[in-house]
Amino acid sequence: MTRSAAEIIREYGPFPGVDGVHGVTFDGQHVWFASGDRLNALDPASGEMVRSIDVPAHAGTAFDGQHLFQLAEDRIQKIDPKTGRVLATIPAPGGGGDSGLAWAEGSLWVGQYRDRKIHQVDPQTGAILRTIQSTRFVTGVTWVDGELWHGSWEGDESELTRIDPQTGEVLESLEMPPGVGVSGLEAGDGDQFFCGGGNSGKVRAVRRPRRGSAVGSGSKIPVEPTSK
């Protein structure tokens, strides 16, 4: 396993009226982050919040290219970012113990914090298609360049962890500074992750390890859809 210190590129916030940052996603222009009772859109260039949507937003956030998905207690909401309307809901696999949320290859990927699991979920029905076991507590989840990364936060220690999507083995770890937590995770443009900072009320950009032959965030997930 490769272990190194995380390089924090930039910090955003804290923001007015935001007590904590939970889920984080990126729509190609704005960073969206969940703050309990609303979703907020952050301009990563200026560092300013540009709009918000009043919707329960308690944990992970994802974007499928058209819609936002947001964990709220024991359900996942599908949201139109233009109008703020909740278009549909599906049950969350952890029944309220869910944490991170990501979109990749037509599926939602849902973290379960204390169970150390990541579920591939049908976005139409909420059915669990596959479960990946991690060795770490799972907060945010993201797929990028065919790699599965998740945030982990336990006590004063937090890290960004790349795991084998078939075995759950930890392949790489970026250790955050002591006391700096990761509550949400999403890959952004270029070589960076956006990380929710929990009760700090901040969003942080962390440098993503550069690969010699990156093929883009749309690269295929290297696992069989029906494997367990």
Side-chain angles (χ1 to χ4, degrees), residues 6-13 18 20-27 30-36 39-40 42 44 57-64 68-72 76 92-94 96-104 107-121 132-145 147-155 157-163 165 168 170-177 180-189 191-209 217 221:
E7 180 186 351
I8 298 174
I9 304 168
R10 184 172 177 181
E11 289 191 341
Y12 303 94
V18 173
V21 175
H22 311 300
V24 177
T25 195
F26 182 62
D27 67 5
H30 297 121
V31 178
W32 290 87
F33 66 90
S35 61
L39 267 170
N40 310 277
L42 164 70
H58 304 134
T61 312
F63 180 69
D64 70 354
L68 292 163
F69 292 84
Q70 178 59 53
L71 276 164
I76 300 171
D98 310 272
S99 51
L101 190 63
W103 176 272
S107 295
L108 289 167
W109 301 79
V110 188
Q112 275 190 267
Y113 178 64
R114 293 192 177 277
D115 287 345
R116 299 177 170 91
K117 293 179 179 178
I118 299 170
H119 301 289
Q120 180 187 7
V121 170
I132 300 167
Q133 186 74 51
S134 179
T135 61
R136 305 288 204 275
F137 283 173
V138 177
T139 56
V141 179
T142 191
W143 282 96
V144 58
D145 293 344
E147 297 177 348
L148 176 58
W149 288 79
H150 75 76
S152 182
W153 188 354
E154 190 168 357
E157 297 182 355
S158 196
E159 60 186 12
L160 307 183
T161 301
R162 178 167 66 91
I163 66 172
V170 176
L171 304 175
E172 187 172 2
S173 173
L174 305 180
E175 298 179 337
M176 299 293 279
V180 177
V182 175
S183 56
L185 178 66
E186 179 68 292
D189 282 339
D191 297 317
Q192 65 179 334
F193 291 114
F194 291 111
C195 305
N199 292 336
S200 72
K202 295 182 178 181
V203 175
R204 297 180 175 93
V206 171
R207 191 172 305 281
R208 180 165 62 89
S217 59
I221 292 171

Within this structure, what is the [atom1]-[atom2] distance for the pair [X] and [Y], rounded to the nearest 0.5 Å?
X: L101; Y: T142; atom1: CG; atom2: OG1; result: 10.5 Å
X: I9; Y: R208; atom1: CD1; atom2: CZ; result: 10.5 Å
X: L39; Y: H30; atom1: CG; atom2: NE2; result: 13.5 Å
X: I132; Y: I118; atom1: CD1; atom2: CD1; result: 6.0 Å

I need the minimum non-hydrogen distance between [X] and [Y], along with the two atoms involved.
X: S107; Y: Q120; value: OG-NE2, 2.9 Å
X: A6; Y: M176; value: CB-SD, 3.6 Å
X: T139; Y: S99; value: O-OG, 3.4 Å
X: Q112; Y: V138; value: O-CB, 3.8 Å

Fill in: Residues forming a side chain to side chain donor-acceptor pair (under 3.5 Å) with E175, sequence neighbours excluded
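Once residues adjacent in sequence are excluded, the partners of E175 under the side chain to side chain donor-acceptor pair (under 3.5 Å) criterion are R3.
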Sidechain-backbone polar pair: [X] side chain, [Y] backbone, donor-acceptor under 3.5 Å:
X: N40; Y: F33; value: yes
X: Y12; Y: A205; value: no
X: R136; Y: H150; value: no
X: Q133; Y: R116; value: yes
X: S152; Y: F137; value: yes
X: S183; Y: G198; value: yes

Discussion item. Can you confirm whether P93 sits close enough to D98 that some side-chain heavy atom of one is under 4.5 Å from a side-chain heavy atom of the other?
Written reply: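 Sidechains of D98 and P93: in contact.
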Discussion item. With heavy-atom distances below 4.5 Å as the criterion, would you say the side chains of P177 and I8 are in contact?
Written reply: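 Contact flag for P177/I8 side chains = yes.
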Worksheet item: In this structure, are over 12 heavy atoms from other groups packed under 6.0 Å from E157 atom CD?
Response: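 No, not enclosed.
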Fill in: Stepwise ring pair (Phe, Tyr, Trp, His ring centres under 6.0 Å) test for W103 and F69
CA-CA 9 Å; W103 176 272; F69 292 84; 5.6 Å; yes
Discussion item. Using 30° and 60° as the class boundaries, would you call the ring planes of W143 and W109 parallel, tilted or perpendicular?
Written reply: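 Taking W109 first and then W143, their aromatic rings stand perpendicular (interplane angle over 60°).
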Discussion item. So, using salt bridge (Lys or Arg N to Asp or Glu O under 4.0 Å) as the criterion, who are the partners of E172 when residues are at least two apart?
Written reply: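 E172: salt bridge (Lys or Arg N to Asp or Glu O under 4.0 Å) contacts with R162, R211.
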Worksheet entry | Member of T161, V144, V141 meeting the side chain to side chain contact (heavy atoms under 4.5 Å, CB included) criterion with W149 |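 For W149, the side chain to side chain contact (heavy atoms under 4.5 Å, CB included) test succeeds with only one of T161, V144, V141, which is V144.
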Worksheet item: Applying the side chain to side chain contact (heavy atoms under 4.5 Å, CB included) test to F193, which of L185, V24, V182 qualifies?
Response: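 Exactly one candidate clears the test, L185.
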